Participant: 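Got a structure for you, written out below as structure tokens; questions coming shortly.
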There are 2 protein chains.
Amino acid sequence: MSTLGFALLSLLTRGPATGYELSQRMKAPIGHFWTAKHSQIYPELARLTELDWVTATEGEGPGPRAKKTYSMTRAGREALHEWLVQPPVSQPRSEVTLKAYAINSADPGAATALYEQVAAGAAATLAEYEAEAELMRQAGMDHADHPRFGNYAVLRMGIESQRALHTWAAWLAGRLRSGM
Amino acid sequence: MSTLGFALLSLLTRGPATGYELSQRMKAPIGHFWTAKHSQIYPELARLTELDWVTATEGEGPGPRAKKTYSMTRAGREALHEWLVQPPVSQPRSEVTLKAYAINSADPGAATALYEQVAAGAAATLAEYEAEAELMRQAGMDHADHPRFGNYAVLRMGIESQRALHTWAAWLAGRLRSGM
DNA sequence: GCCCACATGTAATCAGTTACATGATTCT
DNA sequence: AGAATCATGTAACTGATTACATGTGGGC
């Protein structure tokens with residue numbers, strides 16, 4: 001099973017949902033670290049159904065096709081349970097870091113502007129996440145026994161990532177300015 | 001042109017190379033943020049050659065085929081120059097963060113062990129990167145005018161990323177222990 | 001003799017994005 | 001009347017991994 005399959009199972013731990021709702025749920029907070037379009041989600045749900053890791057109950061849809069609400073099965077829960085504690089393998093990809101590798105081939109002014117912009121964007125996103133995290137703490141979501149502690153944990157990673165990006169981009173912009 | 005194409009051009013700013021050498025060069029430091037197998041690199045070099053962004057000079061190879069050494073052309077340098085200052089679009093993917101989202105469905109003991117392991121791994125990688133960065137500073141690579149400043153900049157992002165990962169994983173492991 | 005480094009490719013498959021296709025309800 | 005939201009799918013294509021395929025030279 002692909003990572004996306006487990007991502008969908010993870011989303012279903014928050015309760016049954018349609019493919020459409022799963023794609024909405026995927027937006028925040030895990031969308032900061034894993035995304036998929038509906039065109040990838042629907043076939044994946046079909047595969048999960050084949051495996052009997054999820055089941056669908058059909059109902060009246062707004063369009064020409066039936067609306068299907070998916071729930072995890074016992075087998076799905078077991079598969080997820082195992083996957084969750086396997087050491088992760090995927091390595092990150094970062095286009096902005098790749099660009100920094102060839103920075104001496106870039107126009108200094110434009111490059112400085114780019115990394116200042118990246119730093120500013122990271123600062124803005126960070127502020128957003130911090131505000132959301134504060135709301136979550138007020139709801140008690142920062143305790144491991146809260147049913148949506150996972151949302152808080154993911155947001156914390158978002159905060160750490162954006163902080164790292166901000167620190168780095170601001171440092172780089174500064175270096176470029178002093179080297180001009 | 002795909003991101004990989006620009007990654008290869010970036011690697012060629014360090015001097016002409018064969019496909020094989022490019023795949024070696026890709027290992028460190030940019031391999032921490034962008035990788036490709038040789039099976040993806042060779043066809044991509046062919047596409048870059050079609051575009052006249054690189055040229056190959058052929059020579060005797062160790063195997064049945066000729067060894068080709070690639071160099072960037074003026075057009076390649078111009079294309080890279082433009083790409084370097086375009087705002088990056090790709091969003092990161094993190095399997096370990098995805099797993100944290102469904103943490104309440106995991107076995108608490110195994111999950112604690114997993115995040116402790118992630119934290120320990122990040123600490124080890126961080127120490128490695130710090131040592132390498134110190135060597136680079138001694139070589140003067142921390143100045144924007146040094147021809148390999150890009151290597152140092154990428155390594156700095158590696159340091160910030162590992163620091164963020166370590167902070168987060170250690171925090172999460174601590175939370176899981178206190179919630180047990 | 002066997003493994004490793006050097007060196008280059010192709011084929012099959014899987015993962016992910018973009019575009020195409022349909023249609024009801026609700027809000028402006 | 002037109003746009004947005006709800007809702008589900010397929011087709012075509014691009015990007016990336018795994019597996020197949022070949023062959024030399026050097027070290028143990």
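As the structure is a computational prediction, the values presented were derived from the model and not from experiment. Proteins come first, then strands; the chains are lettered A, B, ... in the order of their sequence lines, and each starts at number 1.
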Participant: Is the count of non-hydrogen atoms from other residues, nucleotides or ligands lying under 6.0 Å from Glu82(A) atom CD greater than 12?
Facilitator: no
Participant: Starting at CD of Gln24(B) and ending at C1' of dT8(C), how long is that distance when rounded to a whole Å?
Facilitator: 13 Å
Participant: Less than 3.5 Å apart, any donor N or O on the side chain of His146(B) or Tyr152(B) sitting next to an acceptor on the other?
Facilitator: no
Participant: Would Arg148(A) pass as a cation-pi partner of Tyr101(B), given that its NZ or CZ must be under 6.0 Å from the six-membered ring centre and within 45 degrees of the axis?
Facilitator: no
Participant: Looking at Arg156(B) and Glu130(B), is there a salt bridge between them, counting it only when a charged N and a carboxylate O are closer than 4.0 Å?
Facilitator: no
Participant: Using a heavy-atom cut-off of under 4.0 Å over every strand shown, decide if Arg93(A) touches base, sugar-phosphate, or nothing.
Facilitator: sugar-phosphate
Participant: Quick one: which of dA11(D), dT17(D), dA7(D) gets closest to the side chain of Ser39(A)?
Facilitator: dA11(D)
Participant: Summarise how protein sits on nucleotides 21-28 of chain C as a single string, 5' to 3': B when a protein heavy atom is under 4.0 Å from the base, S for sugar-phosphate-only contact, - for no contact.
Facilitator: BBBS----
Participant: Taking NZ from Lys37(A) and C1' from dA12(D), how many angstroms apart are they, rounded to a whole number?
Facilitator: 16 Å
Participant: Checking the side chain of Trp168(B) only, and the main-chain atoms of Ala153(A) only, is there a donor and an acceptor separated by less than 3.5 Å?
Facilitator: yes
Participant: Is any N or O donor-acceptor pair between the side chain of Ser2(B) and the base of dT14(D) shorter than 3.5 Å?
Facilitator: no
Participant: Check the distance between dC6(C)'s P and Lys68(B)'s NZ and give it to me in whole angstrom.
Facilitator: 20 Å
Participant: Between dG9(C), dG16(C), dG9(D), which nucleotide gets closest to the side-chain atoms of Tyr42(A)?
Facilitator: dG9(D)
Participant: So which nucleotide from dT10(D), dG16(C), dT5(D) ends up closest to the side chain of Pro43(A)?
Facilitator: dT10(D)
Participant: Between Gln40(B) (CD) and dA16(D) (C1'), how many Å, whole number?
Facilitator: 5 Å
Participant: Taking five pairs at each end, how big is the angle between the two axes of the helix from dG1(C)-dC28(D) to dT28(C)-dA1(D), to 10°?
Facilitator: 30°
